[in-house]
Amino acid sequence: MSTLAALNFQNAASPLMEQLIFFHDHSMTILTLIITIVGYNIISTYTNINIDQHMLESQPLELFWTIVPSFILVFIGLPSIRLLYLLDEVYQPSITIKTIGHQWYWSYEYSDFLNLEFDSYMIPVNESTDLSFRLLDVDNRTVIPFNTQVRTLISAADVLHSWTVPALGVKADAVPGRLNQV
């Protein structure tokens with residue numbers, strides 16, 4: 001569980017979330033280098049009284065600052081496209097869980113093996129213990145098998161909802177009349 005002082009993501013519980021964290025670190029490293037270089041150039045140009053007019057208006061310099069950002073975009077874009085493909089690809093799932101969002105609770109249905117349906121209500125604050133997470137614990141938790149491909153079909157019965165499991169890198173919107181697959 002993350003806290004207010006945490007600057008990083010919570011620990012990953014799936015290989016896809018690990019890839020998302022690696023991509024975030026990769027992008028932030030590139031952005032930090034860009035911001036450092038641009039900030040240094042702005043400060044040195046502002047504080048330097050001997051500015052060369054020909055250097056600022058040279059064609060090789062313009063060619064350089066046009067081509068280098070395109071390479072930087074490629075270094076960010078290629079891992080992003082690979083990661084988007086991996087996140088969207090659903091291989092042959094072992095189990096399908098149907099999730100329906102209601103106004104104050106979620107309904108789950110395991111329809112592959114059994115006709116198992118249950119509702120998951122949030123535990124009220126006055127009934128929670130010291131070991132439970134405030135406003136996050138529920139009375140019936142969803143059980144997801146370990147090391148298997150799981151397909152989750154997400155929809156809503158009444159209003160828009162957001163179904164998310166941050167440690168797995170999964171977030172989908174539950175929209176009435178629409179079936180989203182994760």
Side-chain angles (χ1 to χ4, degrees), residues 1-32 35 76-182:
M1 172 106 191
S2 31
T3 60
L4 290 174
L7 294 176
N8 297 326
F9 292 104
Q10 60 181 326
N11 293 334
S14 71
L16 289 176
M17 186 59 191
E18 286 180 358
Q19 292 294 319
L20 283 169
I21 292 172
F22 291 151
F23 175 69
H24 174 265
D25 295 342
H26 169 75
S27 303
M28 292 309 292
T29 303
I30 292 173
L31 290 175
T32 303
I35 289 172
I76 293 175
L78 289 179
S80 172
I81 291 171
R82 178 186 159 272
L83 193 56
L84 283 172
Y85 177 75
L86 287 174
L87 287 172
D88 194 38
E89 186 67 27
V90 177
Y91 300 105
Q92 298 174 356
S94 301
I95 187 171
T96 300
I97 302 172
K98 185 178 176 185
T99 305
I100 300 173
H102 298 278
Q103 187 73 35
W104 294 103
Y105 64 97
W106 291 91
S107 295
Y108 296 98
E109 178 182 327
Y110 295 86
S111 57
D112 285 342
F113 303 112
L114 305 168
N115 282 333
L116 178 64
E117 299 178 13
F118 61 92
D119 294 333
S120 182
Y121 292 94
M122 187 173 55
I123 295 177
V125 176
N126 57 358
E127 295 178 12
S128 63
T129 63
D130 291 337
L131 299 175
S132 62
F133 295 114
R134 182 177 174 267
L135 299 177
L136 291 176
D137 268 342
V138 294
D139 56 356
N140 293 322
R141 294 182 179 183
T142 307
V143 178
I144 299 174
F146 186 69
N147 279 341
T148 57
Q149 288 286 328
V150 178
R151 174 178 37 208
T152 306
L153 302 174
I154 302 168
S155 185
D158 45 16
V159 296
L160 295 174
H161 296 281
S162 181
W163 190 85
T164 181
V165 183
L168 295 177
V170 175
K171 183 177 188 309
D173 292 328
V175 180
R178 181 177 175 166
L179 198 61
N180 288 332
Q181 175 177 305
V182 176

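Bear in mind the structure is a predicted one, so any value in this text is a computation, not a measurement. Computation of the quantities below employed the complete heavy-atom set of this structure, encompassing side-chain atoms and omitting hydrogens, waters and symmetry-equivalent molecules.
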- Item | Ser111 side chain near Leu116 side chain, heavy-atom distance below 4.5 Å | no

- From CD (Gln181) to CZ (Arg151), nearest 0.5 Å: 5.0 Å

- If you measure from CD1 on Ile144 to OG on Ser94, what distance do you get to the nearest 0.5 Å? 12.5 Å

- Query: Of all heavy-atom pairs between Ala167 and Asn11, which one has the smallest distance, and what is that distance?
  - Reply: CB-O, 3.8 Å

- Backbone of Arg178 reached by a side-chain donor or acceptor of Ser155 within 3.5 Å: yes

- Task: Starting at CG of Leu20, measure out to CG of Leu87 and round the result to the nearest 0.5 Å.
- Result: 5.0 Å

- Return the orientation label for the His26 and Phe23 ring planes: parallel under 30°, perpendicular over 60°, tilted otherwise. tilted

- Task: For Ser162 and Lys171, run side-chain contact (heavy atoms from CB on, under 4.5 Å): C-alpha distance rounded to whole Å, both residues' side-chain angles, the deciding distance at 0.1 Å, then the answer.
- Result: CA-CA 7 Å; Ser162 181; Lys171 183 177 188 309; 3.0 Å; yes

- Message: Do Trp163 and Thr152 have side chains that approach each other closer than 4.5 Å (heavy atoms only, starting at C-beta)?
- Response: yes

- Task: Kindly check if the number of other-residue, nucleotide or ligand heavy atoms within 6.0 Å of CG (Asn126) is above 12?
- Result: yes

- Task: Go through Thr129 and Ser132 one step at a time and tell me if the side-chain contact (heavy atoms from CB on, under 4.5 Å) criterion holds.
- Result: CA-CA 5 Å; Thr129 63; Ser132 62; 3.8 Å; yes

- Message: Strictly distance-based, threshold 3.5 Å: is any side-chain N or O of Ser14 a donor or acceptor partner for the main-chain N or O of Leu168?
- Response: yes

- Message: Just so I know, are the side chains of Pro93 and Val150 near enough to count as touching, which here means a heavy-atom distance under 4.5 Å?
- Response: no

- Task: Please name the pair of heavy atoms, one in Val170 and one in Thr164, separated by the smallest distance, quoted to 0.1 Å.
- Result: O-OG1, 3.0 Å

- Message: For a 4.5 angstrom cut-off between non-hydrogen side-chain atoms, does Pro145 reach Ile95?
- Response: yes

- Message: On a heavy-atom basis, which atom in Ile21 and which in Gln10 lie closest, and how many Å separate them?
- Response: CD1-O, 3.9 Å

- Query: Looking only at heavy atoms, which two atoms of Ile154 and Asp173 are closest? And how far apart?
  - Reply: CG2-O, 4.3 Å

- Do the side chain of Tyr108 and the main chain of Val143 share a donor and acceptor less than 3.5 angstrom apart? no

- Message: Could you check whether atom CG of Asp158 has more than 12 heavy atoms from other residues, nucleotides or ligands sitting under 6.0 Å from it?
- Response: yes

- Going from CD on Glu109 to CG on Asp119, what distance comes out if it is rounded to the nearest 0.5 angstrom? 11.0 Å

- Query: Taking the side chain from Thr96 and the backbone from Tyr110, do they hold a donor-acceptor pair closer than 3.5 Å?
  - Reply: no

- Message: Checking Phe118 against Thr142 for the side-chain contact (heavy atoms from CB on, under 4.5 Å) test, could you report, in this order, the C-alpha distance in whole Å, the side-chain angles of both residues, the deciding distance, and whether it holds?
- Response: CA-CA 9 Å; Phe118 61 92; Thr142 307; 4.3 Å; yes

- Pairing residues for Asp137 by the salt bridge (Lys or Arg N to Asp or Glu O under 4.0 Å) criterion, not counting sequence neighbours: Arg141

- Message: Please report the interatomic distance CD1(Ile100) to OH(Tyr105), rounded to the nearest 0.5 Å.
- Response: 9.0 Å

- Query: Looking only at heavy atoms, what is the nearest atom pair of His102 and Ser107, with distance?
  - Reply: NE2-OG, 2.9 Å

- Any idea which heavy atoms bring Ala12 and Glu18 closest together, and the distance? CB-CG, 3.5 Å

- Message: Rounded at 0.5 Å granularity, tell me how far CD1 in Ile81 sits from CG in Leu83.
- Response: 11.0 Å

